[in-house]
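Structure first, then comments.
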Amino acid sequence: MSRAGTSAVRMSKSSVGVPDENRQAIVALLNARLADSVDLRSQVKWAHWNVKGMHFIQLHELFDSVAAHLEDQTDTNRRTPCGLGGVANGTTREAAAKSGLKEADLTAADGASQLKWLVHNVAHHADALHCRQRKPAISA
């Protein structure tokens, strides 16, 4: 088993024309984003289930729609590590252990309070997907 950072990256042989060391780094990065996606989707569903107060129905439906988009994105992200000969680490426990997102504000019940932390976590996730926070060192 190889090491990438502090996490073991499970790999198998692949006919993809990418050197093994690079495949391992790519799979580790993809699994980090997968963990964030699974975590964020569960946070958005929590907000969907628990929103109260003004604009309840609009926020309830918005959160459900965002969760559905995240589910589609997460499903797409699960395929790529496998295509590179890696393993998609996407269980809830793996996501909780590996997510780079802040924990949801579980005391927030009204829409404004929930939107505050959700906007932060959605922005953090979007930035990470676009590699704005950290760029991996992958050689050609």
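Side chains included, hydrogens not; waters and symmetry mates left out as well; all remaining heavy atoms used. Source: prediction; values computed, not measured.
For the atom pair NE2 of His69 and CG of Leu40, the computed distance is 13.0 Å after rounding to the nearest 0.5 Å. Put simply, NE2 on His130 and CG on Asp127 are 8.5 Å apart, with the number rounded to the nearest 0.5 Å. For the atom pair Asp75 CG and Leu34 CG, the distance stands at 10.0 Å (nearest 0.5 Å). For the atom pair NE2 (His124) and OG (Ser99), the distance works out to 7.0 Å, reported to the nearest 0.5 Å. Atoms CG and OG, from Asp39 and Ser42 in turn, are 5.0 Å apart once rounded to the nearest 0.5 Å.
With hydrogens and angles ignored, the 3.5 Å screen pairs a side-chain donor or acceptor of Asn31 with a backbone N or O of Asn89. Remark: the backbone N or O of Thr91 is paired with a side-chain donor or acceptor of Glu94 at under 3.5 angstrom.
Thr80 is not listed as a side-chain neighbour of Ile26, based on a closest heavy-atom distance of 4.5 Å or more.
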For residues 50-67, run the donor-acceptor check on the side chains, cut-off 3.5 Å, and write out each pair with its distance to 0.1 Å, sequence neighbours left out.
{"residue": "Asn50", "atom": "ND2", "partner": "Trp46", "partner atom": "O", "Å": "2.9"}
{"residue": "Lys52", "atom": "NZ", "partner": "Asn50", "partner atom": "O", "Å": "3.2"}
{"residue": "His60", "atom": "ND1", "partner": "His48", "partner atom": "O", "Å": "2.8"}
{"residue": "Asp64", "atom": "OD1", "partner": "Lys45", "partner atom": "NZ", "Å": "2.9"}

Tell me which donor-acceptor pairs under 3.5 Å the side chains of residues 106-118 have, and how far apart each pair is, sequence neighbours excluded?
{"residue": "Thr107", "atom": "OG1", "partner": "Asp105", "partner atom": "OD1", "Å": "2.5"}
{"residue": "Asp110", "atom": "OD1", "partner": "Ser113", "partner atom": "OG", "Å": "2.8"}
{"residue": "Asp110", "atom": "OD2", "partner": "Ala112", "partner atom": "N", "Å": "3.3"}
{"residue": "Asp110", "atom": "OD2", "partner": "Ser113", "partner atom": "N", "Å": "3.2"}
{"residue": "Asp110", "atom": "OD2", "partner": "Ser113", "partner atom": "OG", "Å": "3.3"}
{"residue": "Gln114", "atom": "NE2", "partner": "Ala108", "partner atom": "O", "Å": "3.4"}

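Paired with His125 under the rule side chain to side chain donor-acceptor pair (under 3.5 Å), one option of Gln73, His120, Arg33 passes, and it is Gln73.
Annotation for Leu101 and Gln43: closest pair CB-NE2, 4.4 Å, computed over non-hydrogen atoms. The two residues Gly100 and Asp36 make their nearest non-hydrogen contact at N-OD1, 2.7 Å. Gly90 approaches Val38 most closely through the heavy-atom pair O-CG2, 3.9 Å. Considering all non-hydrogen atoms of both residues, Arg78 and Ala88 come closest at O-CB, 3.3 Å.
Counted by atom type alone, Thr74 and Glu71 present zero donor-acceptor pairs between their side chains at under 3.5 Å.
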